[in-house]
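Both ligands and their constituent atoms are indexed starting at 1 by order of listing.
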Amino acid sequence: MGLPERAIIIAYPNNPQESVSAGTTSTCTAAMAFTLFQSTLFSKPSLFSHRRSFAFCIQFSSFSTASAFPSDQFHHHKKWRQPVASVLELGGVKIAKDEIVRDDPTNNVPDSIFSKLGLQLHRRDQHPLGILKNAIYDYFDTNYPNKFDKFDDLCPIVSTKANFDDVLVPADHVSRSYNDTYYVDSETVLRCHTSAHQAELLRGGHTHFLVTGDVYRRDSIDSTHYPVFHQMEGVRVFTPADWEASGADATTYAAEDLKKCLEGLARHLFGGVEMRWIDTYFPFTNPSFELEIYFQDDWLEVLGCGVMEQEILKRSDRVDNVAWAFGLGLERLAMVLFDIPDIRLFWSTDERFTSQFSKGQLGIKFKPFSKYPPCYKDMSFWISDSFTENNLCEVVRGIAGDLVEEVKLIDNFTNKKGMTSHCYRIAYRSMERSLMDEEINDLQWKVRDQVETKLKVVLR
Ligand code: DAH
């Protein structure tokens with residue numbers, strides 16, 4: 001969706017305050033025991049992908065340097081947060097809130113994120129995400145009867161090993177930073193992609209599987225980005241017997257099978273559309289591709305995929321095998337398929353939203369019940385060295401919740417003394433009602449106050 005490609009920064013916390021501490025608490029072990037076992041596919045390139053076929057310059061924008069957001073700062077001003085449940089049932093295990101949201105420098109999970117854990121929108125048959133998940137299941141069930149094992153309630157709290165190491169994400173990769181990922185402690189995260197389950201399921205003997213789940217990423221705010229979204233991962237393993245008969249080498253065989261499978265899936269979801277394959281890079285696959293379809297006058301990135309890195313198979317004792325894998329973002333596809341204009345709507349409990357969808361009905365187009373006017377507020381400040389846009393967005397989201405529609409940098413300059421000023425425009429808009437001036441002003445004052453105290457910037 002034609003926004004400019006966004007910056008990717010390879011950075012890792014490296015000052016003592018920002019770096020992860022080696023000492024972990026018992027919660028870590030507990031949380032890790034719960035794990036059984038883009039991609040930000042939105043307007044920005046996936047966190048994990050680098051496209052190869054287009055002239056693609058990874059720009060480093062000045063405002064998205066990675067840095068920690070010391071979690072103790074989150075625990076002031078709690079009175080503005082919505083109350084959240086204190087115990088969750090996740091993946092069959094009970095998790096107390098204080099295991100996930102803690103006043104600890106290695107923890108950066110705010111209440112607003114904790115309150116999303118366990119909601120599992122993708123498991124609701126009447127919800128657009130559940131309807132889409134089921135439509136994808138139907139495709140696999142029809143074309144590969146009884147082949148693919150399906151997982152949609154694996155615990156989203158995973159080890160850094162599962163989330164990063166097991167899928168070969170390099171030690172200095174941006175996605176590991178505290179600026180991009182929610183850490184429960186230094187060795188436990190809220191999964192930032194469903195690829196986090198690949199290795200464990202392979203080790204458990206699964207050779208054909210689909211994993212659907214909620215994933216978590218610290219990010220900027222606009223109509224297609226939300227810090228919690230949903231992905232589906234697919235993996236298929238082949239044995240030598242599969243490719244030997246074909247005469248093709250293992251990798252070519254897997255890549256061709258992958259493309260055929262996913263082109264069929266795209267046709268199943270979108271009908272007879274034009275498609276193209278883009279070479280790209282993911283740490284976990286080689287070769288790697290993205291599938292795009294031509295839909296409503298634009299090329300739309302549908303998913304990322306590739307032939308699984310041999311090292312991943314080797315580590316699960318499958319040296320003789322070859323496999324393909326893919327990952328797709330459910331919101332991105334559902335927004336297009338159901339005509340849903342804003343990603344916040346997926347979380348709406350307003351009946352005017354929820355009543356429009358029914359089990360098994362993929363074709364339904366959402367009719368906006370009303371378009372309430374946005375209200376814009378600008379805010380300028382001198383940034384500090386540790387300022388990041390993701391931290392700003394978290395502060396704004398923590399105060400305004402789903403009333404914030406967009407946070408956009410509209411001015412950026414550095415003066416002769418080397419001080420950098422940013423001006424952000426915040427768009428407030430409810431999906432469900434008109435907002436009163438007084439309410440917005442109140443929110444904006446709180447935002448200004450917290451931005452100054454938590455982000456150490458100087459308001460202008
Ligand atoms: N994990 C990737 C992301 O979140 C998506 C992805 C790409 C998954 C390629 C895969 C894959 O399994 O092969 O950006």
Side-chain angles (χ1 to χ4, degrees), residues 5-6 8 38-52 58 122 136 140 148 151 154 156 158 160 162-170 173-177 180-182 189-202 206-219 224-238 251 254-255 257-259 261-262 265-266 277-292 301-313 316 322-333:
E5 302 280 30
R6 269 287 297 276
I8 294 184
Q38 180 77 26
S39 75
T40 313
L41 293 176
F42 295 133
S43 51
K44 297 190 269 189
S46 150
L47 245 187
F48 296 97
S49 79
H50 302 298
R51 289 176 170 223
R52 269 208 232 110
I58 300 175
H122 60 285
I136 302 175
F140 280 92
F148 280 79
F151 300 89
L154 302 186
V158 302
T160 49
N163 199 71
F164 300 122
D165 305 335
D166 282 355
V167 280
L168 314 178
V169 175
H173 195 271
V174 58
S175 61
R176 291 185 184 247
S177 74
D180 285 53
T181 290
Y182 290 104
V189 295
L190 303 186
R191 68 182 163 214
C192 70
H193 55 172
T194 44
S195 308
H197 299 287
Q198 269 190 19
E200 210 150 11
L201 289 172
L202 284 170
H206 298 279
T207 57
H208 296 67
F209 55 87
L210 301 171
V211 179
T212 314
D214 35 327
V215 300
Y216 297 77
R217 291 187 193 172
R218 300 186 81 235
D219 213 335
T224 59
H225 290 86
Y226 201 80
V228 190
F229 59 103
H230 298 76
Q231 288 188 328
M232 187 188 292
E233 190 84 5
V235 169
R236 178 176 189 183
V237 180
F238 298 95
T251 304
D257 187 87
L258 169 69
K259 288 184 173 176
C261 168
L262 295 176
L265 174 62
W277 288 98
I278 311 287
D279 289 336
T280 188
Y281 164 82
F282 294 107
F284 16 88
T285 46
N286 187 16
S288 306
F289 315 102
E290 276 164 359
L291 175 61
E292 292 188 342
E301 186 190 315
V302 176
L303 51 79
C305 64
V307 178
M308 188 179 287
E309 277 288 358
Q310 207 55 38
E311 180 64 21
I312 300 176
L313 287 165
S316 57
V322 65
W324 56 238
F326 72 83
L328 55 81
L330 291 179
E331 275 83 349
R332 175 174 178 71
L333 300 188

Walk me through whether Met232 and Ile136 qualify under side chain to side chain contact (heavy atoms under 4.5 Å, CB included). CA-CA 9 Å; Met232 187 188 292; Ile136 302 175; 3.7 Å; yes
If you define the side chain from C-beta out and look only at heavy atoms, does anything of Ser288 sit under 4.5 Å from Asp279? no
Location of contacts on Arg217 toward ligand 1, heavy atoms closer than 4.0 Å: side chain
Tell me whether Met232 reaches ligand 1 (any heavy atom closer than 4.0 angstrom to a ligand atom). no
Heavy-atom closest pair, residues Leu303 and Gly327: CB-O, 3.5 Å
At a non-hydrogen distance cut-off of under 4.0 Å, which region of Phe284 contacts ligand 1 (side chain, backbone, both, or neither)? side chain
Salt bridge between Arg217 and Asp180, side-chain N to carboxylate O under 4.0 Å? no
Find all atoms of ligand 1 within a distance of less than 4.0 Å from any non-hydrogen atom belonging to Gln198, and give their numbers and elements. 12 (O)
Test of understanding: given a 4.0 Å heavy-atom threshold, classify the contact between Cys305 and ligand 1 as side chain, backbone, both, or neither. backbone
Report yes or no: does Met308 have a heavy atom closer than 4.0 Å to ligand 1? no
One finds that the ligand 1 atoms under 4.0 Å from a non-hydrogen atom of Gly327 are 6 (C), 8 (C), 10 (C), 12 (O)
Are Ser49 and Glu290 linked by a side-chain donor-acceptor pair shorter than 3.5 Å? yes
Tell me if the aromatic rings of Phe209 and His197 count as close, with their centers under 6.0 Å from one another. no
Ligand-residue contact atoms, ligand 1 with Thr285, heavy atoms, under 4.0 Å: 13 (O)
